[in-house]
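Every chain is numbered from 1, with letters handed out A, B, ... down the list of sequences.
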There are 2 protein chains.
Amino acid sequence: MAKTLGMRKNPVKDEREQAFKQAALKVFSAKGYHRATMSEIALEAGFGKGTLYWYWKSKEELYFALIRQMHEEFLQLVEEAASRPGSALEKLGWMGGEITELYYRDRDFCKLSWKMRAEELETFSPQYVEELQDYIKRTKRALEGIVKQAVEEGSLPPADPYYLSCMLLGLVEGMEIQWLEDPSSFDLRRGMELAMSFLLFLGETGKRASTGG
Amino acid sequence: MAKTLGMRKNPVKDEREQAFKQAALKVFSAKGYHRATMSEIALEAGFGKGTLYWYWKSKEELYFALIRQMHEEFLQLVEEAASRPGSALEKLGWMGGEITELYYRDRDFCKLSWKMRAEELETFSPQYVEELQDYIKRTKRALEGIVKQAVEEGSLPPADPYYLSCMLLGLVEGMEIQWLEDPSSFDLRRGMELAMSFLLFLGETGKRASTGG
DNA sequence: ATTTTAAGACCGACCGGTTGGTCTAAAACT
DNA sequence: AGTTTTAGACCAACCGGTCGGTCTTAAAAT
């Protein structure tokens, strides 16, 4: 006979997990993976280190729970933009707005992601690295699809879509960095709007050129 | 009276310093400041740790000797571009080419700089942080000057020169990151050339619009 | 309703390993 | 002989992760 005596579910599991994740986000995003300590995260969450290890089996697992969440969110956004109806420029416009909002909403996530990219990937377990690279690959592919459409529609110059998407990604990430380093001297929203207006300008002149010539 | 008597200059001292700096560059650029160890740097240079400390008084000092060199080089490049004769577009074109060459020549320096920007500045001594921020400020100012000229010449749209220069810097840095992460999937030279052609395109259409309207 | 039971939740001392920096003694040079 | 240079043992501080043990609480048993 199975002994179920005293068996119970963890009533506070979700709550605690959230508390720890929030604390971890704060500490990891401020210090990066290697400089962050599990004691500090536990303290920040208001618990002992042992308790933190009750919920996560390692520092790495906790870290990648956050990294995964960030990449998942970003990927979904880009894929949704790609699958939307409308012109490529409309898709890019919508995506730019959403990305900006995402960044402002989850600034610590941005910092986390940003610090992560400067870490040595070799120090992490291969399964996590693979998972991460898969997210990045899928995101880039979705973005490249939109850009390809834009080139076909003549709203972007007829250059290699892959390189165009790299440039676009580079521009956004480069502005993101400046905003993260000093938000008071660079307003990301304004930068994104300016970038968007350039895109539109390119689109217009491109179309005018193709219809006029 | 100046005491020069008996003050001997070790003929190999400079050589050793260079060896240590090169080793430090290799290790710091691969691991970042905090994960790099002095023992490893000493070993890489072919000396004992004690010897390394005979040449530099701290890890931080060694690190900033490299950081300083990198920023100095970049700043000089941008300032030289700004003080060149010719149109803003010519300056930017020259600068883009030089930057690309610099990056390819000193890839490890790029990595170092890139990792450095993800570090917590608070962990360094204020004097170093100040020095660093001064370099960045001067670089940005020089770049902004060129961009301002470009706007006045009508080869860039009439937007805030500061934001334009931030975007330009962001684009270059964003592409640099992608190239650092995986040079086989993103060729920086090609990316820079593409970016440059966009700049020229903007300049032409901008001028045509102003002369035609 | 009260007691019993055992899993859930929690803690912090502790361990093994690492690292920046020091110290000393010997080697090398002049 | 005296000075410069080198090496690596050594130290104190720190960190990820473990472990033994304690307290809490839901559910089973009465």
Tell me which nucleotide among C/dC11, C/dG21, D/dT6 gets nearest to the side chain of B/Y53.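 Within the option list, the nearest is C/dG21.
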Specify the residues of residues 111-120 of chain A, ordered by number, for which at least one heavy atom lies under 4.0 angstrom from an atom of DNA chain D.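 None, since no heavy atom is under 4.0 Å.
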Enumerate the residues from residues 29-42 of chain A whose closest heavy atom to DNA chain C is under 4.0 Å, giving them by residue number; use none for an empty result.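 Within residues 29-42 of chain A, no residue comes under 4.0 Å of DNA chain C.
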Is the [X] to [Y] ring centre distance short of 6.0 Å?
X: B/F186; Y: A/Y163; result: yes
X: B/F64; Y: B/W56; result: no
X: B/Y55; Y: B/F47; result: no
X: B/F198; Y: A/F198; result: no

Indicate whether any N or O donor in one side chain lies under 3.5 Å from an N or O acceptor in the other, for A/E60 and A/Y128.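 Distance-only check fails for A/E60 and A/Y128.
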Just by distance, with hydrogens left out, do A/Q18 and A/Q22 show a side-chain donor and acceptor under 3.5 Å apart?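 Note: A/Q18 and A/Q22 side chains miss the donor-acceptor criterion.
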Ignoring backbone atoms, test whether A/K59 places a side-chain nitrogen or oxygen under 4.0 Å from the OP1 or OP2 oxygen of D/dG16.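 Indeed, a polar side-chain atom of A/K59 lies that close.
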May I have the distance from A/F47 (atom CZ) to C/dG8 (atom C1'), rounded to whole angstrom?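 Taking CZ of A/F47 and C1' of C/dG8, I get 13 Å after rounding.
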Once you round it to whole Å, what is the distance between C1' of C/dG12 and CG of A/L43?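 Computing the A/L43:CG to C/dG12:C1' distance gives 12 Å.
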Do B/K49 and C/dG20 share a donor-acceptor pair, side chain to base, under 3.5 Å?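 In this structure, the two groups form a donor-acceptor pair.
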Residue A/K21 excluded, over 12 heavy atoms near NZ under 6.0 Å: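 It does: A/K21 NZ has more than 12 such atoms within range.
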With sequence neighbours left out, what residues match B/E131 under salt bridge (charged side-chain N to carboxylate O under 4.0 Å, His left out)?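 Expected list: B/R68.
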